[in-house]
Amino acid sequence: MAPALVLKHVSKAFGTQSVLRDVSIEADAGEFIALVGPSGCGKSTLLRIAAGLERADAGEVSLAGVNVTDTRAADRDMAMVFQSYALYPHLTVRQNIALPLAMRRLSGFERLPMIGRITPSARAKHASIMADVERTAEALRITELLNRKPGEMSGGQRQRVALGRAIVRRPKAFLMDEPLSNLDAALRVHMRAEIVSLHRAAGVVTLYVTHDQEEALGMADRVAVMIGGRILQIASPEVIYTDPEHIDVASFIGSPKINLLPGKIVHGGRLFQAGRYLFSGFSGPERDVTIGIRPEHLFLSTEAHEDSIPLFLQRLEFLGSEVIAHLKNQNDGRALIARLEPDHASDVAGLKQLFASATDHELMVFETDGSRVRAAASVADGAASYAA
Amino acid sequence: MMTPSSTLVRLLRFGFLAVGAAIILFPYVFMISASLKPPEDVFSASLSLWPEHFSAYENYSKALTRIPMVRILLNGALVCTAIVVFQILFALPAAYALAKLRFPGRGVLFGLVMLGLLVPIHAISIPLYAAAQISGLLNTLAVLVIPFTLSVFAMFLFRQFIKAMPDELIHAARMDGLSEAAIVWRIILPNAWPAASAFAIFSVVAHWNDLYWPLITISKTQLATPPLGLLFFRSAEVGDDYGALMAATLIVTLPLVLFFLFAQKLFIEGVTMTGLKG
Amino acid sequence: MQPEGGKPRRLTRFDHREVRAALLLCAPTAVLMLALLVLPTLAVLGLSFTDAELGVPGFQFLGLGAYADLFTDRAFLRAFRNTAIYVALVAPASVVIGLVLALLIEAEVKGRAFFRSVYFLPVVSLTVAMASVWQYLMHPSFGPMNLVLQRFGLPSINWLGSSDNVLTSLALIGIWQALGFNLVLFLAGLTAINRDLYAAAEMDGVRSAWSRFWTVTWPMLGPTTLFVVTITMINAVKVFETVATLTQGGPSKASEVLLYTIYKEGFVYLHIGVASAMAVVFVAVLLVLLLVQTKVLEKQVHYA
């Protein structure tokens, strides 16, 4: 099956400022793709280019197998949900949701107030539009709001209306630009589930821009991580988290942030961290690398052993289901973070000095240019490689 | 605000404002009073406001018949309405383009708007008069409207107002399938309503009042606007028949004053927003 | 609009669909602008260098000499001076009184809306009509103003009939009319001041209303004041209706002002060359006022 929405080699610059550098995405029919990245990474611009609101300097956009690069936004048949909702302040909810249908189904004459409904066929069209609006309103449980204006509603209600305006006309694609960022935390979590189920029901390909990684990981089929105008990785949420291809992906995704330690690959492809040998299997010359360890993979113990790192415990942050330990490396003074089970945390609480270790296969090694490097046959047991 | 003022301070403040208000109202009071008096009462040099002999009927019927007063008021209303409608009709699309679209020549157009803000009609009235004469438009109601169909002030005001509207609103409209012209009339106009009504107030006050252009282009009493009509009335009136003159002034002043009294909020907001140009 | 063949690469900055829509939306206005603003302005500039007279065939090109003539023309110089005096009388008075009234109304709880409406009344009253009323009020023998003066045992004043008084009398009418306009603008400026600033000033030990005005109100009102001053001056420079109705520039040209002189030169004597040069000077005066405002505003950006 042809991909539903394709962005191919898209580039865009504002003046001399390059915002998008050769970005490509292929979304399958019904797929939910989240574009996540820090603010200013170009994700909103990419979405606007997909929508046809902005033109790319190079590259192309196609929708359902048709090249729409030169098609204007109004003719692309995509719907967009905006961060500010962008509801028409002068129209009621009913009129807001009906507007995209009216523009598509009615002729200019039929859109006129009063006299536009003079013919029976126009009346039938108006009735069908109203029926669609009612159905959408019911699905979103906003029927009782239909006669209100945007100014008289809460943020959550406006959000629903904005969604309604997008889904009512069954577009070929949904584009969402940080649709939840103006809501309070509790409502946001609730609306996440709601948008996902709306998406499932509609089965329409969706591009969802957010700066909130939890949203991206929790909602999307695939997550595209954008940093500095490039997509660094596009993969399932699980792969993005557990197997990042780039150091920036690893450090942007995950909270608390991944621990990064300086390391070295020496002759024979052996990896060292601060003089401790970890494992081998790397190729290439001798060079500096960075080692990443997720906070939950940092194992704390009260006793030192061979390749553990001596640490000072600075502070424990109790978060209920987990405890975050803020630590300091005794050797180089760098900060480290570990995520602990509450039970385990009570073992270490009150102690000053601790020792951290990690399982080799949970370490991620990155080159200085940020790319991931893997050991060919990672040898888990340090002692074994010593013997070799 | 901070500490409540003492009674004395409040009394002084109130007194000062009241005296000021009395001074402002002084002309209106004497206008109404004199419009009821016969010439003898006016000449009698008495400060009494209540006329000794009523001659309201004579004064007001003179005011209404010496010049075609009703016709003149209608001229004023017609000219002002036509001007406002055309001004908004022409200015709004251009203002939208200036505010939200990128196109070559935008800088030039905006520069011309600034030039227009600087140059009042008085300064360019000679070529405009010549053009009106050549095209045979002198002594028509059209000549009172045409030079004012372009309002650079409206363009400026609307541009500022539209610029402040969120881009997302326009993007949403484009996604919903509206053409740029449809965006102007279906989305921008309803949301620019505060600016449009403020501008309408400003425009009506300015053109209801304007004497300069009608004085130049209109010589027929039938076609006069209220200010010019009043001048015709004054010259038709021999001697100092102030009673009739005051009746006439009252009649031409009343429409706008009543409009103001019924829509004060609109006027005050209008002035605050359009204060840029008096 | 794009220079032919000049720099075609610049076009790529624009989206051609957007450009087409914009040009269509602007086209009617652009045509009007050309016909009603650009060409007339150029015509006035051109005429201003000549001695053209309406109905007289042929004219001489005088160049800058036309302006040199203007500044030796006693009638024009008098009109210029009279306008300056009129502005100097009307602008400061109507601004200061407008501000004081605005402060009083802002502080007074009772009758706010009433006072505001009363003071605003002259703004919406037909100028020509109210000028006629003032003519009656200022009538030398039976005008109520002189009657009031007599009541207090003061000598009568020949308000509009004496060349010494006429400008002051016209200025009085001008102040009476401009007051409400300025007051409303000042009221808007006052309401826009953040209340917390007054609280902060109180905490910092600002005690009297007087020092509160000078520490908070006046500086915060800076842009409004500048704006009101400029607009009042521009409106005063454009004084016409009262002069045309009441004095026609008299007595003995003591109330000849710029706009009335332009009107007479152009449309009564039909000296359109001279009138055009005067019109250019008139616009130059307005330009200077606006430039001064912009310059001062630039220095005060921190208030904005």
Side-chain angles (χ1 to χ4, degrees), chain B residues 1-2 13-14 16-17 20-21 24-25 27 30-31 34 42-43 45 47 90-91 93-94 96-97 101-105 109 112 116 118-120 122-124 126-128 147 149-150 180 184 205 209 211-212 216 226-227 230-231 242 245-246 249 252-253 256-257 260 264 268 271-272 275 278, chain C residues 1-2 14 18-19 21-23 25-26 28-29 32-33 36-37 40-41 43-44 101 104 107-108 110 115 117-119 121-122 124-130 132-134 136-137 142 144 147 181 184-185 188 198 202 231 235 238 240-241 244 259 266-267 272 275-276 279 282-283 286-287 290:
Chain B
M1 273 177 299
M2 295 296 97
R13 209 157 53 198
F14 197 81
F16 193 90
L17 283 170
I24 294 292
L25 290 177
F30 278 92
M31 168 172 74
V42 174
F43 297 143
L47 265 178
F90 284 117
Y96 165 68
L101 302 179
R102 283 163 43 80
F103 59 99
L109 190 65
L112 287 176
L118 174 70
V119 178
H122 316 94
I124 50 175
I126 290 168
L128 289 179
T149 49
L150 169 79
E180 296 300 303
V184 171
V205 170
N209 245 318
L211 174 66
Y212 194 89
I216 293 167
L230 202 62
L231 281 197
Y242 276 100
L245 180 59
M246 289 304 106
T249 57
V252 292
T253 310
L256 203 56
V257 168
F260 163 65
Q264 285 192 47
I268 302 293
V271 167
T272 314
Chain C
M1 293 221 173
Q2 196 68 16
F14 300 106
E18 195 171 319
V19 170
L23 294 181
L25 292 173
C26 291
T29 302
L32 283 182
M33 222 163 205
L36 297 175
L37 177 66
T41 306
V44 167
L101 287 172
L104 290 175
E108 184 58 57
K110 273 206 181 109
F115 284 126
S117 307
V118 167
Y119 287 110
L121 216 47
V124 292
S125 301
L126 200 67
T127 313
V128 174
M130 293 323 287
S132 305
V133 176
W134 280 102
Y136 161 57
L137 295 177
F142 56 80
L147 297 184
F181 186 73
V184 166
L185 291 179
Y198 289 104
E202 181 82 12
I231 185 81
N235 282 339
K238 290 185 190 163
F240 176 77
E241 270 87 359
L259 216 47
F267 297 101
I272 55 173
S276 294
F282 172 67
V283 172
L286 299 179
L287 180 64
L290 284 173

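Residue numbers begin at 1 in each chain, while the letters A, B, ... track the order of the sequences.
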Option that, when pairs with chain C are counted at under 4.5 Å, heavy atom only, ranks first among [options]:
{"options": "B/L230, B/I216, B/V252", "result": "B/I216"}
{"options": "B/T249, B/L231, B/I24", "result": "B/I24"}
{"options": "B/E180, B/M246, B/M31", "result": "B/M246"}
{"options": "B/V257, B/L256, B/L150, B/L17", "result": "B/L17"}
{"options": "B/V205, B/T253, B/V184, B/L211", "result": "B/L211"}
{"options": "B/P147, B/A91, B/P27", "result": "B/P27"}

Output the distance between atom [atom1] ([X]) and atom [atom2] ([Y]), rounded to the nearest 0.5 Å.
{"X": "C/L287", "Y": "B/L118", "atom1": "CG", "atom2": "CG", "answer": "5.0 Å"}
{"X": "C/L104", "Y": "B/F14", "atom1": "CG", "atom2": "CZ", "answer": "12.0 Å"}
{"X": "C/T41", "Y": "B/I124", "atom1": "OG1", "atom2": "CD1", "answer": "5.0 Å"}
{"X": "B/F260", "Y": "C/S125", "atom1": "CZ", "atom2": "OG", "answer": "9.0 Å"}
{"X": "C/L147", "Y": "B/F30", "atom1": "CG", "atom2": "CZ", "answer": "7.5 Å"}
{"X": "B/F90", "Y": "C/L32", "atom1": "CZ", "atom2": "CG", "answer": "4.5 Å"}

Which pair of heavy atoms, one from [X] and one from [Y], lies closest together, and at what distance?
{"X": "C/L23", "Y": "B/P104", "value": "CD2-O, 4.3 Å"}
{"X": "B/A94", "Y": "C/C26", "value": "CA-SG, 4.0 Å"}
{"X": "C/S132", "Y": "B/L245", "value": "CB-CD2, 4.0 Å"}
{"X": "C/A22", "Y": "B/F103", "value": "CB-CD2, 3.3 Å"}

Identify which part of [X] has an atom lying under 4.5 Å from any heavy atom of chain B, answering side chain, backbone, both or neither.
{"X": "C/F282", "result": "side chain"}
{"X": "C/L290", "result": "side chain"}
{"X": "C/L137", "result": "side chain"}

Report the C-alpha distance between B/I126 and C/F267 in whole Å, list the side-chain angles of each, state the deciding distance to 0.1 Å, and finish with yes or no for side-chain contact (heavy atoms from CB on, under 4.5 Å). CA-CA 8 Å; B/I126 290 168; C/F267 297 101; 3.9 Å; yes

Notebook entry, point to check: Would a 4.5 Å heavy-atom cut-off, applied to side chains only, mark C/K238 and B/P120 as touching?
Noted result: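 Side-chain contact under 4.5 Å: yes.
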
Exercise for review: Answer whether the closest heavy-atom distance between the side chains of B/L101 and C/L25 falls below 4.5 Å.
Suggested key: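 Contact flag for B/L101/C/L25 side chains = yes.
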
B/H122 vs C/F240 aromatic rings, parallel, tilted or perpendicular, using cut-offs 30° and 60°?
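Geometry flag for C/F240 against B/H122: tilted rings.
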
Name the member of C/V133, C/V184, C/L286 that forms the most heavy-atom pairs with chain B at distances under 4.5 Å.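 Answer, by heavy-atom pair count under 4.5 Å with chain B: C/V133.
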
